[in-house]
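These numbers come from the heavy atoms of this one structure, side chains and all, not from hydrogens, waters or symmetry mates.
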Amino acid sequence: MAGPTSARISSRHPLSVPQSYSVRSPQGSQLAIRAANPLFPCVKLSKARAVVAAAMEVSKASLGLANRQPSKDVLETWRNADAVCFDVDSTVCLDEGIDELADFCGAGQAVAEWTAKAMTGTVPFEEALSARISLIKPSLSQVEDCLEKSPPRISPGIADLIKKLKAINTEVFLVSGGFRQMIKPVAFQLGIPTENIRANQLLFGTSGESAGFDPTEPTSRSGGKAVAVQQIRQDRGYKTVIMIGDGATDLEARQPGGAVLFICYAGVQMREAVAAKADWTVFDFQELIAELP
């Protein structure tokens, strides 16, 4: 049998994301309206209900956070960063890409449980990643079909934030425990070059069958985002790099030689243990835009 190969998305799936996607709002009332509106067919009612409930819990949890208002030092660092690294799932995008792929392949519930464990840090990330890929076993055609039929949904405000960062010459990276094959269309939509993606790589055999993932990628294991950010700083000569995300793996990126700040974005998922340790917690990307020069 031929060895596994790294796959590229074929020409039948253009590297773009349709402009008409539904968006989750932190406000439950708007979500309920959108879920019932036929103009938003891709939002499942069960998901909408879950998001409404989560929005209510977020409003309660945010009241006790001491880092909702950033310090002067944090604001100064934010305004003068050399680069900003964004998590993708539940940050740049509204969904967890691997969960969406699992749903498409019929392994949604079991995979979602492993995703929750990985994002809260209760199991090593590499264990959770291996378990999820073993459950899904996605073929190349399934990945392509998933991207075509269920394209990634971009978080509201992220395009404006990235545009603003570029305008002040701050470099933007996507650092994710997800997969390059599913992140490239997102990067294309947001104008982020593919060389600024740090993520995992699905592997496929010569017939397109699943062959696991590339374990040499730093983001395939616990602490990998810290390594990826450290490499970015070293390779580009940056002094100030900031990590923005929602999970424990994003928090880990705040390490010596890595991210100097961790900003928790809780507009999609509120993980209280992560938010409590952030330098700044925001629920809307407009909060970040408002503090840029």
So, do [X] and [Y] sit near enough that their side-chain heavy atoms are less than 4.5 Å apart?
| X | Y | answer |
| --- | --- | --- |
| Tyr238 | Glu171 | yes |
| Phe283 | Arg68 | yes |
| Leu94 | Pro152 | no |
| Ile232 | Arg198 | yes |
| Val84 | Ile244 | yes |
| Thr91 | Val268 | no |
| Val274 | Asp250 | no |
| Ile98 | Ile133 | yes |

If hydrophobic clusters are built by linking Ile, Leu, Val, Met, Phe, Trp and Tyr wherever their side-chain heavy atoms come under 4.5 Å apart, do [X] and [Y] end up in the same one?
| X | Y | value |
| --- | --- | --- |
| Ile162 | Val175 | no |
| Ile158 | Ile168 | yes |
| Phe262 | Phe125 | no |
| Leu165 | Val74 | yes |
| Leu202 | Val111 | yes |

Straight-line distance of [X] [atom1] to [Y] [atom2], nearest 0.5 Å:
| X | Y | atom1 | atom2 | value |
| --- | --- | --- | --- | --- |
| Phe213 | Thr219 | CZ | OG1 | 10.0 Å |
| Leu161 | Leu288 | CG | CG | 5.5 Å |
| Asp246 | Thr281 | CG | OG1 | 11.5 Å |
| Leu174 | Cys93 | CG | SG | 8.5 Å |
| Phe86 | Ile263 | CZ | CD1 | 8.0 Å |
| Gln255 | Leu251 | CD | CG | 8.5 Å |

Any donor-acceptor pair under 3.5 Å from [X] side chain to [Y] backbone:
| X | Y | result |
| --- | --- | --- |
| Thr170 | Lys166 | no |
| Gln230 | Pro256 | yes |
| Lys164 | Pro293 | yes |
| Asn67 | Asp279 | no |
| Glu252 | Gly223 | yes |

Salt bridge flag under 4.0 Å for residues [X] and [Y]:
| X | Y | result |
| --- | --- | --- |
| Glu127 | Arg132 | no |
| Asp82 | Arg236 | no |
| Lys225 | Asp87 | yes |
| Arg180 | Glu217 | yes |

Provide the closest heavy-atom pair for [X] versus [Y] in the form atom of the first, atom of the second, distance.
| X | Y | answer |
| --- | --- | --- |
| Ala131 | Trp114 | CB-CE2, 3.6 Å |
| Pro138 | Phe204 | O-CE2, 3.2 Å |
| Gly178 | Ser176 | N-OG, 2.7 Å |
| Arg221 | Pro215 | NH1-O, 3.2 Å |
| Leu135 | Ala110 | CD1-CB, 3.9 Å |
| Ala253 | Met243 | CB-CG, 3.8 Å |

Within a 6.0 Å radius of atom [atom1] on [X], are there more than 12 heavy atoms belonging to other residues, nucleotides or ligands?
| X | atom1 | answer |
| --- | --- | --- |
| Lys163 | NZ | no |
| Glu195 | CD | yes |
| Glu291 | CD | yes |

Test ring-ring contact (aromatic ring centres under 6.0 Å, His included) on Phe285 and Tyr265 and set out the steps. CA-CA 8 Å; Phe285 286 122; Tyr265 174 68; 4.0 Å; yes
The test is side-chain contact (heavy atoms from CB on, under 4.5 Å); show your working for Asn196 and Val172 and say whether it passes. CA-CA 7 Å; Asn196 284 15; Val172 175; 5.7 Å; no
Could you give me the CA-CA distance, side-chain angles and deciding distance for Thr240 and Asn80, then say whether side-chain contact (heavy atoms from CB on, under 4.5 Å) is met? CA-CA 8 Å; Thr240 306; Asn80 294 282; over 6 Å; no
In sequence, state the C-alpha distance, the side-chain angles, and the governing distance for Thr216 and Asp214, and then conclude on side-chain hydrogen bond (donor to acceptor under 3.5 Å, both in side chains). CA-CA 6 Å; Thr216 65; Asp214 184 355; 2.6 Å; yes
Could you walk me through whether Glu96 and Ser90 pass the side-chain hydrogen bond (donor to acceptor under 3.5 Å, both in side chains) check? CA-CA 6 Å; Glu96 293 286 334; Ser90 294; 2.8 Å; yes
Going through the distances and angles, do Val260 and Val241 end up as a side-chain contact (heavy atoms from CB on, under 4.5 Å)? CA-CA 6 Å; Val260 298; Val241 177; 5.9 Å; no
Just do the side-chain hydrogen bond (donor to acceptor under 3.5 Å, both in side chains) check on Glu126 and Ser222 with the steps written out, would you? CA-CA 6 Å; Glu126 56 268 32; Ser222 294; 3.2 Å; yes
side-chain contact (heavy atoms from CB on, under 4.5 Å) evaluation trace for Val143 with Phe179: CA-CA 10 Å; Val143 173; Phe179 298 103; over 6 Å; no
